[in-house]
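Just so we're on the same page: letters track the sequence lines, and every chain starts at 1. Just so we're clear, the structure is a prediction, and the values are computed from it rather than from any experiment.
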2 protein chains.
Amino acid sequence: MIEPSEETAGLRLAAADAGLLADSLRSAGLKVTAPRLAVLRALTDMPHSNADALFTAVHTDLPGTSLQAVYGVLASLGTAGLVRKIEPAGSPALFERRVGDNHHHIVCTRCTVVHDVDCAIGHAPCLTPADTLGFDVRAAEVIYWGLCAQCQLDTAHP
Amino acid sequence: MIEPSEETAGLRLAAADAGLLADSLRSAGLKVTAPRLAVLRALTDMPHSNADALFTAVHTDLPGTSLQAVYGVLASLGTAGLVRKIEPAGSPALFERRVGDNHHHIVCTRCTVVHDVDCAIGHAPCLTPADTLGFDVRAAEVIYWGLCAQCQLDTAHP
DNA sequence: GCATTTGTTTTGAGTAATTCAAAACAATTC
DNA sequence: GAATTGTTTTGAATTACTCAAAACAAATGC
């Protein structure tokens, strides 16, 4: 039996992955295009990326791709519900593939790294304000701000 | 005894108010200037305003004032802790004088009106994520999104 | 397979919100 | 009332993003 090399394994994985990504596009009613697959792939590797970082990543694989195309892809993936856009104060918009759950984010005020966090109480208590003021509340967004572990160390020993 | 006219009452109030605003600037270690007083006054009347709206309001009273001055004023008031800046997704930054409590905001997705809301559970349960991931969490920001009462009516009877 | 339709991407330009820098100016301090 | 320090004006630049028209590619029907 022939052992698959690491390279062929990598290719096979990439191919399988491309198939899954293509499927997710198709089932969202979107055409399968190279820029869309590339953006989805980049977002899988680096969640919480901004449009520019994704452009850089995509551009390496697919040199023809324009920044506007990345914005266009992100917009269509967004409305199709395949990616989520978050906009922490003072930062350009960030994108992630984790959608459909009501998870929140924790942002380091020093290095701006972002991580996912689940809601404190498991279900969604903080998703209901004390007084809705007559609003029909559809969503709640929580952002925690603080210092990440590394930045705590860095500020302690400068 | 002479009844104060509405006008003198207004002036007296304005004067008293100017005194209070000036005091708050002084005790924050900031110089008392006309643009700063004007921005504070405008923010009192119209909380959740953006820089441009404040510029328009201030410019009426104090025609020399530039937009950059308003940005400068807001920056210094911000670092002095006299105003708070909020940045709801898809909107320019908004400012308010209500500081020091951990209140949150509810935003109408249709007309973008913003109101203050207190935390659901009174104390701060949603201010603690389930897993801090090693972060030293300093603040939590909650934004509720929905339709305000008026926009619910407007969309029901278009 | 190939033409058609429909949707996507490129190219190029434009805009909104905000920031930067130097000179002019005004509020506090001495 | 002069000196100091901080603020505002003026003018330009930057970042993040959007718009529009033409070129192009994916899916659909034949």
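For Q68(B), the side-chain atoms get nearest to dC20(C) when compared with the rest of dT10(C), dC20(C), dT8(D). Side-chain proximity of A93(A) to the nucleotides dT11(C), dC17(D), dT18(C) is greatest for dC17(D). Distances from the side chain of R26(A) to the nucleotides dA27(D), dT9(D), dA16(D) place dA27(D) closest. The listed nucleotides are dT10(C), dT8(C), dA26(C); the one nearest the side chain of K31(B) is dA26(C).
Ring planes of H105(A) and H103(A): perpendicular class, angle over 60° (limits at 30 and 60°).
Among the protein residues, T65(A) comes within range of the sugar-phosphate backbone only, with heavy atoms under 4.0 Å from sugar or phosphate atoms but none that close to a base. When heavy atoms are screened at a 4.0 angstrom cut-off, L67(A) is found touching no nucleic acid atom at all.
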> Do D116(B) and H104(B) pass the side chain to side chain donor-acceptor pair (under 3.5 Å) test, and can you show the C-alpha distance, the side-chain angles, and the key distance before you say yes or no?
Replying inline: CA-CA 6 Å; D116(B) 293 331; H104(B) 302 310; over 6 Å; no

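The side-chain heavy atoms of D61(A) and R41(A), taken from C-beta on, include a pair separated by under 4.5 Å. Using a 4.5 Å cut-off on side-chain heavy atoms (C-beta onward), L147(B) and C108(B) make contact.
For dT9(C), the OP1/OP2 oxygens have a side-chain nitrogen or oxygen of T33(A) closer than 4.0 Å.
If you take CG of L30(A) and C1' of dT28(D), they are 17 Å apart, rounded to a whole angstrom. Remark: P of dT8(D) and CG of L74(B) are 11 Å apart, rounded to the nearest angstrom.
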